[in-house]
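A short worksheet on the structure shown next.
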Amino acid sequence: IGGGTQTQTQTQGKSIKVAILFDVGGRGDLSFNDMAYLGAERAKKELGVKIEYMTPKSKEDMVPLLEQLAKSKEYDLLVLVGFLWTTPLNEVADKYPDQKFALIDSTTGKVRPNEVDILFREQEVAALMGVIASGMAYELGGDTIGAVAGMDIPPLWKFHIGYLFGAKYFEKKTGKHVKLLWQYTGTFGDTQVGYNTAMQLLQQGAKVLYGLAGLTHVGMFDAVKDWNEQGRGKALAMGQDASQEWYAPKYIPISGAKRVDVAVYDAIKMVVDGTWKGGIITLGLKENGVGYWDLDGVKQFAEFAKEAGKLKDMTPDEVVEIVKQQREKYIKPYVWEIVNELAEKIKNGEIVFKTPKSHDEYEQIINELEKGNLNAALKKGSVE
Amino acid sequence: MLKGEEKISKVTEVLLSVFMAFTVGAVALLILGYHPGEVYYILFKYGYSNLNYLLNKSTPLIMTGLAFSIPAIAGVFNIGGESQLYIGAFLGLLTAYYTGNSILALIVGALSGGLLGLFVGALRVYRGINEVITAIMVNWIFYYLIAYLIAAKFYNPEVSHESIPVPPEARIGSIGGVSLIFLLAVLFAIFYYYLLYFTDVGYKLRVSGLSPASAKYAGFDPSKAIVISMFLGGVAAGLGGVLLILGITYSIDDTLTAIYGLGFTGIGIGLLGRNNPIGIIFSSIFLSGLLIGGQWVELKTRAPPELADTLIGVIVLALAIPYAYKMLIKKFTEGRK
Amino acid sequence: MLAVEMRRIYKVYPDGVVALKGVDFTVEEGEIHGLLGENGAGKSTLMRILYGEIKPTKGEVKVFGDKVEFNGPWDAIRKGIAMVYQHFTLIPTFTVLENLYLSMLTINPNITINEVRKLAKEKMKDIGFSVPLDDVVEDLPIGIQQRVEIIKALMANAKILILDEPTSVLTPLEVEELFKTLRKLKENGITVIFITHKLKEVKEITDRVTVLRRGEVVGVAKTKEVSERDLAKMMVQREIVMEIKKSPASPGNTVLRVEDLWVKDDRGLDAVKGVSFELKEGEILGIAGVQGNGQKELAEALAGIRRIEKGRIELLGRDVTELSADKRYKAGLAYVPDSRKVGLVLDMSVVENVILTNLPSVMRGRRISWEKANKIGKEIVERFDVLVSSLSTPIKHLSGGNQQKVMVGREIIREPKVVIVSEPTQGLDIGATEFIRKTLVSLRDQGKGILLISTDLDEILQLSDRIAVMYEGKIMAIGKVEEFTLEKLGLLMGGVNA
Amino acid sequence: MIADLLNILSNTLVSMVPLTLAAVGEIITEKSGVVNIGLEGIFILSAFTSTVVTFHTGNPYLGLIIGLLVGALSGVLHGIISVYLKGDQIIAGVGFNSLAYGISILSLVSIWHSHGSSPSVDKIPMIGKGSFFVSPLTPIAIIIGIVVWWWLERTPSGLKLRACGEDPRAAEAMGVNVYRVRFYATVLGASLTGLGGAYLVVGWIGQFTKFISAGRGFIALANVAFSNWNPLMAIIGGFIFGFFDALAIYLPIKIQQMSGRVITAESNLFRTIPYLATLIIVALIMKKVRMPRALGKPYIKE
Ligand SMILES: Nc1ncnc2c1ncn2[C@@H]1O[C@H](COP(=O)(O)OP(=O)(O)OP(=O)(O)O)[C@@H](O)[C@H]1O
Ligand SMILES: Nc1ncnc2c1ncn2[C@@H]1O[C@H](COP(=O)(O)OP(=O)(O)OP(=O)(O)O)[C@@H](O)[C@H]1O
Ligand SMILES: [Mg+2]
Ligand SMILES: [Mg+2]
């Protein structure tokens with residue numbers, strides 16, 4: 001997936017006003033809140049809309065804020081970021097039929113003319129990352145991959161399923177055994193716990209760690225760096241959502257993408273273009289809603305970092321150069337082949353992943369996958 | 001029982017405190033490069049105008065404020081309002097779900113909070129374990145325990161990131177535009193006020209807190225006071241949890257966002273209310289308004305949401321020094337004489 | 001030369017109480033100067049200003065001719081001033097030695113704890129009494145704590161020594177010892193300021209005396225030139241007859257029976273060892289003894305505050321051994337402890353303190369009737385002449401004497417059948433002392449049984465119908481008051497069977 | 001297995017530093033009679049400032065010192081409010097926590113346009129071999145704990161400090177300047193906490209993040225009570241908590257590694273281990289509480 005800075009012609013007409021309502025954690029999560037911000041800022045620049053932001057203090061604030069904003073009739077669109085908004089929106093949406101809502105990364109399950117829900121098929125990116133991680137683990141001389149996950153919540157179920165599927169898919173294709181160590185840390189904010197968890201995973205033989213815990217996995221990056229630099233072994237890390245390679249390009253050759261920014265941008269664009277249509281949209285590999293960041297994407301985020309003064313002694317180009325070398329070194333062509341083949345199957349709808357409805361179903365799928373039954377994760381299609 | 005003159009100077013003291021707080025806040029805003037007039041305008045315009053929202057928001061905080069203050073009066077530092085609220089919210093929710101009976105849910109929530117408070121108090125009294133350790137540990141234990149139960153056992157099959165919901169018949173709404181849960185909280189605070197200042201139990205609590213030796217001399221058992229006050233505090237927090245669930249959120253999400261942090265905020269509320277139940281009603285409304293308004297400051301000025309945290313911090317700091325204002329008033333009045 | 005010269009001192013406390021209204025106070029070098037006054041006259045306030053602990057609102061202080069403005073006691077200490085407070089100022093959780101070390105450090109920052117130990121031992125030898133250096137202060141009886149205070153002051157090599165009511169907790173023997181010490185100090189050129197209510201002591205030990213009344217100086221005199229009567233008149237502006245008229249007792253039924261009582265102290269050592277006695281209605285039984293011989297533990301056990309190891313207590317014919325304090329109070333017992341910190345909740349108002357031991361009587365169902373409490377409060381204030389602006393004043397703002405009046409008054413006013421009083425007139429001025437003693441006698445005449453625990457032998461002899469002497473947790477002797485002389489009491493209290 | 005143990009031990013020794021430093025600092029403050037519950041805020045503020053300084057100078061040792069200084073400044077603020085202005089110490093702590101969090105994130109936004117994390121900075125390298133690595137700050141924190149214990153219990157100034165926390169009026173009467181002692185004790189205590197805050201970044205993860213203190217300030221507060229106000233015990237308290245925290249992370253991973261059983265929601269139950277263990281240990285070793293008598297009470301002279 002690329003950075004996607006294609007410039008659009010400015011839309012005319014009265015200026016459109018949009019409020020972006022973040023999740024309770026607010027910006028800074030390197031994940032959907034930050035990505036939503038990117039998308040909104042892009043819409044502001046390219047579509048000439050007015051954007052305002054708000055972070056609710058707590059879950060209890062969501063309904064009254066939503067009502068008050070809808071009642072004010074000031075906003076052409078309210079963009080709600082994160083699954084916590086699901087129930088509040090469900091409560092409010094019908095009362096304000098003239099207010100447009102976009103729910104990002106979740107769905108109320110209801111189709112309303114004034115509501116669009118955009119969610120992602122995270123399994124698809126996670127599956128690719130699972131294959132890549134497995135391939136890299138073998139390059140590093142091991143057979144174990146790991147994940148530092150946040151809390152046991154539905155979006156992470158999908159990542160878990162996909163990641164494990166990818167690992168098992170790799171196993172199936174290559175005959176090389178892969179073991180996954182998946183750890184919920186119970187937090188999306190405690191960086192130190194991320195560090196300690198990563199250290200323990202590495203100690204248990206994991207060679208590649210996938211960060212799925214927001215700020216918690218920032219600590220994981222650092223642990224991987226320490227692990228290498230202390231000479232305890234070789235290991236790599238992978239980020240998710242935003243491109244995070246620039247944090248430590250030598251040790252983070254690749255990150256998964258989840259284009260919340262695109263979702264937000266598209267929702268706003270629908271309003272601007274007058275193509276608004278309520279409904280539920282899911283974005284996956286095919287729609288470029290998820291994927292892994294290509295070098296353009298890596299460069300773009302490195303540029304963001306540079307602008308913010310975060311890249312101290314590197315240029316974005318150097319970041320890209322290092323990432324490129326590392327990818328060449330650790331992701332071998334045979335791995336790319338598997339990745340591309342799998343991606344193709346997913347894109348053309350040959351296989352479709354299940355989305356578990358309940359915790360039990362999630363555990364069941366995981367158990368089946370562990371046993372090597374890849375089809376357990378699939379709603380459609382099969383892997384033989 | 002204050003005489004006229006004393007009452008007036010108490011009121012001036014409070015007014016001066018608040019005035020100073022906002023002045024210091026304004027200075028802080030200027031330093032940070034924001035326009036104090038604009039920020040305060042938004043803060044007050046939006047913070048205190050949506051009455052139902054304001055009162056709802058202050059409801060659980062009144063209860064966790066009481067949860068801190070009642071034990072504080074008896075000489076115990078209850079930092080465990082957090083977990084007492086969790087358990088009240090969770091068990092209240094389960095009761096409401098399985099019975100559809102809000103009264104029963106309120107009772108179960110209140111009692112469960114009370115029992116957890118009692119546990120902390122009893123460990124202090126009978127095992128000599130400092131309540132600060134127990135409470136902090138218990139807070140986290142229940143945080144993860146409830147996170148587990150909601151994720152694995154009591155999730156809503158329809159909305160997989162949430163717990164089972166409160167059924168409509170057990171929800172508490174509003175009458176005449178005023179939220180019923182707020183009224184309940186106020187009634188409860190008044191009840192505690194009465195308990196403290198007009199009953200033997202309250203009197204014994206206060207004596208025990210101020211001077212355990214005198215309590216013993218009078219034949220009151222200071223240990224009993226600790227246990228009773230922790231129970232009463234826990235009841236308040238537990239009830240706060242149920243009120244939150246039955247009246248506002250109707251469920252708990254599996255990241256526990258709905259219930260996290262209220263107990264800690266309650267410490268500030270209780271202290272700003274000078275550990276007086278009636279004062280707590282006001283301090284809770286005051287702080288809730290700031291919290292609500294802070295969100296709108298972000299929306300309207302593009303300031304990061306943490307501007308509100310900063311401002312609230314400065315205001316609370318300025319409210320921590322009533323003694324200094326008392327001296328200031330005295331200097332001023334003396335100077336005039 | 002003047003050791004101390006204080007001019008036109010005003011002191012207004014933060015709550016508006018004007019404690020001193022333009023006091024002039026001078027002390028000559030090398031004299032023992034008495035400072036006399038009723039409760040609340042401002043004696044302690046004046047001395048705390050001299051000691052730098054509080055600042056005067058207005059006025060000038062000179063020490064040895066130098067104008068001083070102390071920022072705290074440490075300045076005063078360096079200027080050679082030491083003070084022994086009415087309420088002791090020792091760190092209760094530290095050992096005696098640590099306390100002494102702490103105070104010595106102010107004078108000599110380089111002193112070591114071993115040097116302090118040596119010095120303390122020397123001083124103790126000089127003065128002729130000793131204290132256990134390695135015991136924790138709060139475990140020691142008040143009398144011993146006072147000794148620590150005096151040693152502390154002496155070790156500081158003070159040139160001016162202020163003693164705020166030092167004798168109120170000492171036995172006559174100890175008082176004599178103290179006076180000897182003071183004279184010795186005087187010989188060495190040390191100036192002593194001596195606060196007391198006891199006219200006899202003023203006459204006995206001081207050279208000059210200043211009398212304070214309600215924040216003003218009402219007289220300064222050479223002690224030799226004034227009589228006790230003159231002083232008393234100055235102090236209270238009325239004639240005082242310090243004689244209690246007492247009819248012979250007519251004891252009736254036994255109201256309190258104690259059988260083989262065993263009680264432990266805070267450190268877990270036996271403090272009361274098999275005490276038995278009876279108290280009859282219409283009599284005062286005095287318990288004499290040097291502080292720390294189990295009187296406190298006995299009183300607390302009787303009141304139900306302290307656990308009993310063994311024995312039996314019968315109140316008005318009923319076994320109360322298992323009852324809690326409040327239940328015993330309700331059953332007709334009253335107890336006035338020797339410490340105001342225990343008997344009062346200092347952070348509560350006067351009226352809230354009034355109901356402390358009297359809660360059931362102001363209850364209307366589960367509700368406290370504050371009207372009723374206020375009525376009782378007013379009655380106490382009036383009957384006992386408590387100097388207080390309002391019943392809602394925090395009691396800590398009352399002078400020690402006035403606090404004492406509230407504490408005693410509260411117990412007496414509720415008409416108990418049996419009264420245990422411990423040092424009831426400690427820190428009271430003559431007027432109040434007289435009043436309280438008379439009250440006790442009249443209570444006796446109304447048929448109440450009174451157990452009077454006191455270290456003041458005058459008080460014991462004056463009030464008691466019978467006397468018991470306690471020594472090391474046992475009753476050495478018990479008998480009619482006529483059987484005892486001052487001398488015999490002194491011997492018994494010292495453990496000598498006369 | 002040995003390697004696993006060494007790894008857990010490393011984690012423990014790394015985790016215990018901020019808990020120990022802050023608890024030892026808070027013991028100093030509390031022994032003088034002042035309670036400062038603003039540890040969380042000090043952690044954040046000093047972590048942030050030390051990140052900025054380290055980023056620009058590339059010198060993590062300087063970052064450490066800055067953290068210490070910022071802690072001291074926080075202590076000055078708390079000291080002025082609670083000692084000289086006789087404010088309510090708990091309210092002041094609560095307010096400071098909010099202020100410190102807010103100001104750190106506002107600055108993060110204005111310096112790095114990020115709401116969540118700073119860039120990586122240089123760290124003080126951990127030292128070790130094989131599976132055992134530890135920060136040089138660990139022995140330093142332990143030594144600080146021992147020195148503070150010795151200072152408080154064995155020296156004249158320690159005695160004075162403790163006197164202020166037991167009975168300030170008596171202490172004052174014996175010539176101790178209670179205000180000054182309490183003020184300095186607050187500043188000193190807060191600077192140790194500041195050191196702990198800086199360590200979170202330059203000694204541990206090399207980066208500032210929004211929730212970097214994550215409740216550690218409160219755990220340190222619990223450690224103060226756990227230690228019964230004894231700095232030596234605070235070292236042990238930090239170790240114990242760090243150990244069970246590491247164990248709680250280790251166990252589910254090891255179970256997976258050995259049996260292949262994936263642990264999902266139950267991971268929450270594992271997370272309760274350090275808290276449960278601490279509680280149980282306290283219940284077992286509990287002795288008579290030696291809390292300073294005058295703790296938290298402003299000392300008001302007339
Ligand atoms: N120390 C205390 N602090 C607060 N409330 C107390 C205290 N002691 C007792 N209470 C409450 O005051 C009320 C009356 O107490 P009281 O001790 O007189 O009851 P009781 O029937 O005598 O009980 P017990 O036999 O256990 O002493 C009861 O509601 C009790 O819970
Ligand atoms: N801290 C205080 N705050 C307010 N008022 C006080 C304070 N201390 C003393 N007072 C008031 O000042 C007056 C003088 O008190 P002081 O203690 O000096 O009297 P005193 O002569 O020592 O009495 P006593 O013989 O009872 O000890 C009294 O009216 C007392 O109530
Ligand atoms: Mg006095
Ligand atoms: Mg009872």
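Numbers restart at 1 for each chain; the letters A, B, ... are given by sequence-line order, proteins then strands. Computed from heavy atoms alone, side chains included, the values below leave out hydrogens, waters and symmetry copies.
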Could you tell me which non-hydrogen atom of [X] sits nearest to which non-hydrogen atom of [Y], and how far apart they are?
X: D/A265; Y: B/A152; answer: CB-CB, 3.5 Å
X: D/A225; Y: B/I133; answer: CB-CG1, 3.4 Å
X: D/H115; Y: B/P304; answer: CE1-CB, 4.0 Å
X: D/A222; Y: B/M137; answer: CB-CE, 3.8 Å

Measure [X] against the heavy atoms of chain D and call it side chain, backbone, both or neither at under 4.5 Å.
X: B/L311; value: neither
X: B/F77; value: side chain
X: B/F142; value: neither

With chain D as the partner, which of [options] has the greatest number of non-hydrogen pairs under 4.5 Å?
options: B/I136, B/V138, B/N130, B/I79; result: B/I136
options: B/L271, B/V316, B/I315; result: B/L271
options: B/T265, B/L149, B/V132, B/L307; result: B/L307

For the interface with chain B, which of [options] has the highest count of heavy-atom pairs at distances below 4.5 Å?
options: D/G87, D/S82, D/A100; result: D/G87
options: D/L279, D/I103, D/L269; result: D/L269
options: D/V109, D/V94, D/D88; result: D/D88
options: D/N97, D/I90, D/I37; result: D/I90

Would you check if [X] and [Y] make a side-chain contact, meaning some heavy-atom pair closer than 4.5 Å?
X: B/R274; Y: D/I91; value: yes
X: D/I219; Y: B/W140; value: yes
X: B/T310; Y: D/L106; value: yes
X: B/Y144; Y: D/Y275; value: yes
X: B/L317; Y: D/L77; value: yes
X: B/E306; Y: D/K210; value: yes
X: D/I300; Y: B/Y323; value: yes

By a 4.5 Å heavy-atom criterion (distance strictly below it), what part of [X] contacts chain B: side chain, backbone, both, or neither?
X: D/I273; result: neither
X: D/Q89; result: neither
X: D/K297; result: neither

A quick test of your reading: do over 12 heavy atoms of other residues, nucleotides or ligands sit less than 6.0 Å from [atom1] of [X]?
X: D/Y84; atom1: OH; result: yes
X: D/K86; atom1: NZ; result: yes
X: B/Y40; atom1: OH; result: yes

Checklist entry - Any sub-3.5 Å donor-acceptor pair from D/S98's side-chain atoms to B/D309's backbone N or O? => result yes

